[in-house]
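Throughout, protein chains are lettered first and strands after them, A, B, ... in sequence-line order, and every chain is numbered starting at 1.
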Amino acid sequence: MQRRRALFLDADYAIRGGQTYARLFVKGKKSTRLHYLYDPYFYADVNEGERGAIENLSIKTREGQAVRPKRTEFVEKILFGDRKRLLRIYCHEPRHVPILREAIPFPCYESEIPFGRRFMMDMGLVPFSVISYEREGRTIKKFLGSRDGNPFMLRRFSFDTEVYNPLGAPRPSKDPIIMFSYSDSEGARGVVTFKKDHKPFVEVVENEKQMLERFFSIMDERDADVLFGYNTTNFDLPYMYERAKKLGIPLALGRDGSPYRLVRKGLINPLEIRGRIHIDLYPVMKFFGFTGLIRTDDYTLKNVYSTVTGKTATKIDRLDIWRQWDSNDISTLTDYALSDALATMELGEMAFPLLTELSTITRMPLFDVAYATSGQLVESLLMSEATARGMVIPPKPSGSAVSARLENPIQGAYVKLPAPGIYENIVVFDFRGLYPSIICSYNIDPFTIDREGDFNKSPTGANFLKSPKGLIPIVLDNLIDRRVLIKRELKAAKKDTEEYKKLSARSHALKILANSFYGYLGYARSRWYNRKCAESVTAWGRMHIMEAEEKANAAGFKVLYMDTDSLFLLLDGKTREDALHFLANINKELPEKMELELEGFYSRGVFVSKKAEEKGAKKKYALLGDDGRVKIRGFELVRRDWSGVAKDTQRRVLEAILRDGSKDKAVAIVREVVEQLRSGKVPLDNLAIYTQLKKEPDKYDIVSPELSAALKARKKGKTMERGSIVGYVITKKGKSISEKAEILEFAPDYDPDYYINHQVLPAVMKILKELGADEYELTHGGRQKGMGDFF
DNA sequence: GCCGTAGGACTACCA
DNA sequence: ACTGGTAGTCCTACGGCG
């Protein structure tokens with residue numbers, strides 16, 4: 001028998017002759033599927049006496065089929081922290097599991113684990129590892145240990161479609177797809193269309209039908225393993241589906257010529273393409289935004305591409321596509337189409353290493369990772385690690401348990417109220433990985449709590465055993481330790497090499513995961529939710545930061561501000577050496593895993609008051625670093641829901657103060673901008689305010705400006721749904737602000753008064769106020785309306 | 001019915 | 001659909017006035 005090797009990707013199942021086979025998706029020389037006989041099962045907490053009755057169960061399904069267990073055995077497992085003998089009930093098919101589970105009037109476990117994942121966990125199968133196996137016919141007899149494989153063996157392929165859209169929004173029943181563009185990891189690139197264009201990369205066919213068919217054959221020729229697209233889930237693929245149906249041809253996306261399949265995964269419903277891994281980069285980029293990896297006002301391909309690469313993509317206005325097509329000179333359009341496919345490829349290639357690392361670490365297949373939330377990633381990792389240690393995976397909470405958890409939130413972090421003002425010589429310290437280090441230091445885990453033995457007592461009164469270590473601290477410790485090693489390797493590695501990229505992605509993946517553990521402990525739908533644990537984490541956090549504050553005061557520093565894990569001190573005549581000495585002293589008394597770090601020295605900082613009160617505003621400050629860099633948090637200028645003009649002006653004012661300490665300069669800047677706004681010359685792009693619709697448009701109680709703009713735009717054919725980011729401008733027409741709001745594309749003009757009094761001035765007034773009471777008196781002296789008069 | 005305002009709805013930020 | 005803490009805008013219902 002020949003021994004073969006292949007890169008393992010994913011697993012599900014197939015039924016043959018009444019038997020369940022795990023189906024492994026692998027890539028050797030080609031992409032193939034391997035089959036391996038494996039029975040699904042679940043556990044029941046029953047006595048020996050019940051075994052016979054369970055083995056004799058026979059449940060009639062609606063189709064009249066009898067469902068019986070295949071066999072049973074007692075196994076020793078760890079259930080909720082205690083050793084326990086459980087009955088493992090094997091079934092003939094995965095779909096029998098929930099049926100039999102329903103019929104057993106005793107506690108059952110692990111009956112809702114998808115079969116593919118069950119199999120992967122039991123076998124210790126890791127995505128992107130190389131397995132070696134012996135094959136007999138269509139099935140494998142055995143397969144062996146795995147080692148690191150190379151995800152870049154997979155061929156990545158990106159594509160984009162252009163659609164005819166004379167009415168703005170294209171109608172799939174009438175408007176054809178006019179162009180496909182693609183590129184792949186081997187350097188292929190091209191455009192397929194059905195109007196003449198003499199360019200080497202453009203392939204011209206007769207009609208739309210031929211074009212679709214040609215596109216499917218290109219995917220096969222290029223042997224695409226991974227399909228990158230942008231918003232393909234909601235737009236391109238469903239549109240292709242409609243067009244293919246209309247044209248009477250199969251939507252041959254899969255390796256076997258099958259169309260896509262809708263997979264339900266909670267709120268996201270990704271489209272699965274058989275034999276390939278479809279990665280829609282739009283949700284991926286949103287996830288990156290969530291983890292703080294990227295920062296952008298909206299998640300259009302154009303915007304994300306320029307924030308990620310620093311390059312700007314020249315684009316045709318989407319509304320112009322049909323005009324260009326009708327003009328019969330499609331040269332610009334083909335360029336544009338190709339650049340979209342290339343930009344998608346570039347984003348895909350940047351995301352790929354991080355996604356594959358997340359997949360390998362969490363044991364979650366790449367396709368799932370691409371659409372996963374951080375909660376699912378943590379859960380996947382914990383489920384694998386629990387299984388490897390003989391622990392029963394805790395069940396998902398019931399709906400009522402979820403509501404109860406939601407109604408009962410836990411106390412969070414401490415934030416110190418800063419006194420507004422302009423300060424000099426500031427040092428900032430923060431705890432490195434505060435919550436993860438607390439979880440590890442105090443062995444915080446749902447199953448180390450309130451048990452016999454030597455324990456750590458949390459400030460909330462909960463007791464956590466010192467040993468043995470709980471699953472969560474073990475897994476988290478491991479993530480942190482691995483990251484330390486990788487950072488060391490990273491220092492030795494040469495930048496811009498493949499190795500460096502891989503290590504850097506791995507480090508990042510480990511960080512994302514480690515930072516998600518605390519959230520997962522307090523997440524209402526978590527399998528490992530524990531109120532006392534989550535509460536203790538934050539309580540210990542508050543304790544440590546407040547102890548640091550006391551010590552700073554005792555050492556003669558003035559504590560300016562604190563938030564969760566950070567400490568802002570005024571040197572107040574002391575030297576930097578004093579500050580570092582203080583830091584060392586603090587660290588001497590902290591648990592081993594915890595460390596307070598120097599974040600930086602700052603020569604100047606601005607804290608402002610709240611809008612309505614004299615009190616200082618929390619989570620809002622600007623610092624000027626030694627290196628001349630400005631660090632800004634919380635100010636309107638970091639928010640997408642403020643106009644560009646207000647944000648730019650606020651930035652310039654802050655910099656004038658931080659760098660030059662000049663109020664005259666700051667005032668001059670504001671005067672200039674107000675003048676420009678009044679003149680009506682400010683481009684509308686600079687006036688757009690971006691706000692996301694977090695609900696379906698018809699689910700709102702009140703009509704906000706963004707909703708009003710979205711509803712008006714929808715009447716003109718724009719897609720506006722939950723998740724859409726609405727870029728709108730306040731125009732002159734209308735009474736209320738909502739009435740005046742129109743999306744950027746449809747805004748004919750802007751209302752200077754709104755932008756002066758509701759955008760620019762509010763953004764800068766609080767800062768100018770800190771420059772001195774004189775200006776404050778001047779602007780506030782008895783005047784409520786028309787703050788603009790001053791400028 | 002008009003006006004001004006408190007409280008609520010809502011979003012995006014910090015950590 | 002990982003957590004809580006926070007600022008801020010705009011809308012809307014409400015009470016006072018007449």
Sugar-phosphate only, base, or nothing, as touched by A:Thr373 at under 4.0 Å among non-hydrogen atoms: sugar-phosphate
Inter- and intrachain pairs under side chain to side chain donor-acceptor pair (under 3.5 Å), touching residues 690-706 of chain A, at least two apart: A:Ser704-A:Glu706
Gap between atoms CD1 and C1', on A:Ile438 and C:dG4 respectively (whole Å): 14 Å
Residues A:Lys619 and A:Asp563 bridged, charged N to O under 4.0 Å: yes
Whether A:Tyr520 and A:Trp528 hold their rings parallel, tilted or perpendicular, with breakpoints at 30° and 60°: tilted
Touch class at under 4.0 angstrom, heavy-atom based, for A:Thr691 against every strand present: sugar-phosphate
Between C:dA1 (P) and A:Gln692 (CD): distance, integer Å: 10 Å
Parallel, tilted or perpendicular: rings of A:Tyr754 and A:His758 (30°, 60°): parallel
Separation of atom CG in A:Asn269 from atom P in C:dA1, rounded to whole Å: 13 Å
Atom pair distance, as rounded to whole Å: CD1 in A:Ile512 and C1' in C:dC2: 13 Å
N/O (side chain, A:Arg525) to phosphate O (OP1/OP2, C:dA1) under 4.0 Å: no
Centroid-centroid distance, A:Tyr529 to A:Tyr523, less than 6.0 Å: no
Selection residues 280-295 of chain A - residue pairs positive for side chain to side chain donor-acceptor pair (under 3.5 Å), sequence neighbours left out: A:Thr233-A:Asp280, A:Tyr282-A:Lys286
Sugar-phosphate, base or nothing in reach of A:Phe287, heavy atoms under 4.0 Å: nothing
P atoms of C:dA1 and B:dC10, separation to the nearest Å: 15 Å
Distance-only donor-acceptor check, side chains A:Lys532 and A:Thr460, under 3.5 Å: no
Which protein N or O atoms sit under 3.5 Å from an N or O of nucleotides 5-9 of chain C?
residue, atom, partner, partner atom, Å
C:dG5, OP1, A:Gly412, N, 3.1
C:dT6, OP1, A:Lys618, NZ, 2.6
C:dA7, OP1, A:Lys610, NZ, 3.3
C:dA7, OP2, A:Lys610, NZ, 3.2
C:dG8, OP1, A:Lys620, NZ, 2.8
C:dG8, OP1, A:Lys766, NZ, 2.8
C:dG8, OP2, A:Lys611, N, 2.7

May I have the list of side-chain donor-acceptor pairs in residues 638-647 of chain A shorter than 3.5 Å, sequence neighbours left out?
residue, atom, partner, partner atom, Å
A:Arg639, NE, A:Asp641, OD1, 3.0
A:Arg639, NH2, A:Asp641, OD2, 3.0
A:Arg640, NE, A:Asp297, O, 2.7
A:Ser643, OG, A:Ala646, N, 3.4
A:Ser643, OG, A:Gln759, OE1, 2.8
A:Lys647, NZ, A:Arg639, O, 2.9

Nearest-angstrom distance from the residue atom NZ of A:Lys416 to P of C:dG4: 25 Å
Phosphate OP1/OP2 of B:dC13: any A:Arg633 side-chain N/O under 4.0 Å: no
Base-pair map of DNA chain C as dot-bracket, where | denotes pairing with a different strand and pairs are Watson-Crick or G-U under 3.5 Å: ..|||||||||||||||.
A:Tyr435 ring center within less than 6.0 Å of A:Phe517 ring center: no
OP1 or OP2 of C:dT3 under 4.0 Å from side-chain N/O of A:Arg531: no
For atom CG of A:Asn408 and atom P of C:dT3, their distance in whole Å: 14 Å
Backbone of A:Ser437 reached by a side-chain donor or acceptor of A:Ser441 within 3.5 Å: yes
Rounded distance in Å - NZ (A:Lys396) to C1' (C:dA1): 11 Å
Touch class at under 4.0 angstrom, heavy-atom based, for A:Thr538 against every strand present: nothing
CA sep, side-chain torsions, deciding dist, call: A:Asp751, A:Lys740, salt bridge (Lys or Arg N to Asp or Glu O under 4.0 Å): CA-CA 8 Å; A:Asp751 175 5; A:Lys740 290 151 94 72; 3.1 Å; yes
Pair A:Tyr371 and A:Phe367, ring centroids less than 6.0 Å apart: yes
Any A:Tyr621 side-chain nitrogen or oxygen under 4.0 Å from OP1 or OP2 of B:dA15: yes
Tabulated below should be each protein N or O lying under 3.5 Å from an N or O of nucleotides 1-9 of chain B; please produce it.
none

Sugar-phosphate, base or nothing in reach of A:Val537, heavy atoms under 4.0 Å: nothing
Distance test, side-chain N/O of A:Ser736 to OP1/OP2 of C:dC10, below 4.0 Å: no
Protein-nucleotide distance (A:Leu637, atom CG; B:dA12, atom P), rounded to Å: 16 Å
Side chain to side chain, A:Glu597 and A:Asn587, heavy atoms closer than 4.5 Å: no
Touch class at under 4.0 angstrom, heavy-atom based, for A:Val703 against every strand present: sugar-phosphate
